Amino acid sequence: MKRETILVIGANGQIGTALLPRLQAIYGTRSVVAADLRRPDQEQGIFEQMDATKADELTEVVRRHRVTQIYHLAAILSAKGESDPIWAWNLNMATLLNVLEVARVNRIRKVFVPSSIAAFGDDAPKYETPQTAVLDPATVYGISKVAAENWSLYYHKRYGLDVRSLRYPGLISYQSMPGGGTTDYAVAIFHAAVQGQPYECFLSENTLLPMMYMDDALRATLELMEAPENRIKVRTSYNLAGMSFTPADLTASIQTYFPDFKVRYKPDFRQAIADSWPKTIDDTVARRDWGWKPEFDLPHMTQEMITQLSTSYH
Ligand code: NAD
């Protein structure tokens, strides 16, 4: 067992819910501190109710638990952020700067700050979007991710802070519902299918987007964080690819299990966000630097989601 104390901020969200048990298995339940604005439905291990926009609350938790690593998962996501851009910007930036500054002052060994494919915008190539494509995001969420990438690089260069990052694609998991992103349909559709209900999709049927099953995302995160420091060459954020599919592809994949499953397409404001994002991602640099390789394709992910959700609903 490794001697580290890990703080996960935003631990009740889609990623945190799935990441916590993995971190507890590696470092021990008593070495992982979950923190969030709201208490979790079920507390598993140490929990701190904390607002990461408040530097003093964050500092107090870091010092009291003698934290050595921080996973900063608190954010307002792409679709939700568009309802109140200034609020989303303020929350995303305040929490980020608090985490970086508290990490610097308290000599935190490693920090994880996720980015997103939302960092890319209209002028990046849509297919096989390269690591170094131009970043001209269309959402306030994307703008906050580009800023976060640059702040992370700055803290690394100026202060030597070991901050690491991945540009996650849309993440698909059964452990909890997603928190207001543009790829949320790819989780909600499974909940409808296993309950025998039709699904109304907020993206059009041919909207191709980069996606990833949560198992792959967690493995990527832990592999990145475990990699020797000299292997981490990108200090903004690494491109990361799993699979790309459209709502029509996903529906067809689900219909191999539920032939009568019906989907109606009714695109809303999230269509424009999706249209500004890459369709496929080139993650050659992550593969080269620290050996990234995805395991889940569309059929395998569909099978896992249906198996896991069928047991929780029945
Ligand atoms: P989520 O919305 O599901 O969870 C975020 C959590 O942060 C929530 O539990 C919320 O209560 C908490 N939070 C919000 N404000 C807080 C504050 N001030 N202090 C403490 N906690 C606060 O998000 P997620 O899907 O788990 O995403 C985690 C990170 O990964 C985010 O940075 C997100 O941008 C990034 N990301 C996620 C996806 C995805 O598909 N889920 C894709 C790309 C990037």
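Quantities reported herein were computed from a predicted structural model and do not represent experimental measurements. Counting convention: from 1, in listed order, for ligands and their atoms alike.
A salt bridge does not link Lys293 with Asp283: every distance from a Lys NZ or Arg NE/NH1/NH2 to an Asp or Glu carboxylate oxygen is 4.0 Å or more. Using a 4.0 Å cut-off between a side-chain N of Lys or Arg and a carboxylate O of Asp or Glu, Arg270 and Glu82 do not qualify as a salt bridge. Salt bridge status for Lys262 with Asp260: absent, with no side-chain N to carboxylate O gap under 4.0 Å.
Note that the CH2 atom of Trp151 and the CG atom of Leu100 stand 8.5 Å from one another [nearest 0.5 Å].
The heavy atom nearest to atom 4 (O) of ligand 1, out of those in Gly13, Ala186, Gly10, is found in Gly13. Comparing Thr183, Val113, Leu77 by heavy-atom distance to atom 23 (O) of ligand 1, the nearest is Leu77. Looking at Thr95, Leu37, Leu171, Leu58, it is Leu171 that brings a heavy atom closest to atom 38 (C) of ligand 1.
Closest protein heavy atom to atom 5 (C) of ligand 1: Leu73 O, 3.8 Å. Closest protein heavy atom to atom 13 (N) of ligand 1: Ala74 CB, 3.7 Å. Ranking the protein heavy atoms by distance from atom 41 (N) of ligand 1 puts Gln14 OE1, 2.9 Å first. The nearest protein atom to atom 37 (C) of ligand 1, hydrogens excluded, is given as Ile15 CD1, 3.8 Å; this is a heavy-atom distance. Considering only non-hydrogen protein atoms, atom 32 (O) of ligand 1 sits nearest to Lys145 NZ, 2.8 Å. Remark: minimum distance from atom 36 (N) of ligand 1 to any protein heavy atom is reached at Tyr141 OH, 3.6 Å.
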Show, in sequence, the C-alpha distance, side-chain angles and deciding distance for Trp290 and Tyr238, and conclude whether the ring-ring contact (aromatic ring centres under 6.0 Å, His included) test is met. CA-CA 10 Å; Trp290 45 276; Tyr238 277 101; 5.7 Å; yes
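Near Ser116, meaning under 4.0 Å from one of its heavy atoms, ligand 1 places the atoms 43 (C), 44 (C). Annotation for ligand 1: atoms under 4.0 Å from non-hydrogen atoms of Asp51 are 17 (C), 18 (N), 19 (N). Each of the following atoms of ligand 1 lies closer than 4.0 Å to a heavy atom of Pro169: 40 (O), 42 (C), 43 (C). Atom numbering of ligand 1 starts at 1 in the shown order; those under 4.0 Å from a heavy atom of Ala52 are 17 (C), 18 (N), 19 (N), 20 (C).
Contacts of Ile117 with ligand 1, taken as heavy-atom pairs under 4.0 Å, are absent altogether. For Met50, every heavy-atom contact with ligand 1 shorter than 4.0 Å involves the backbone, none the side chain.
Aromatic ring centroids of Tyr313 and His191 lie under 6.0 Å apart.
Using a 4.0 angstrom heavy-atom cutoff, Ser115 counts as in contact with ligand 1. Heavy-atom distances between Arg167 and ligand 1 stay at or above 4.0 Å for every pair.
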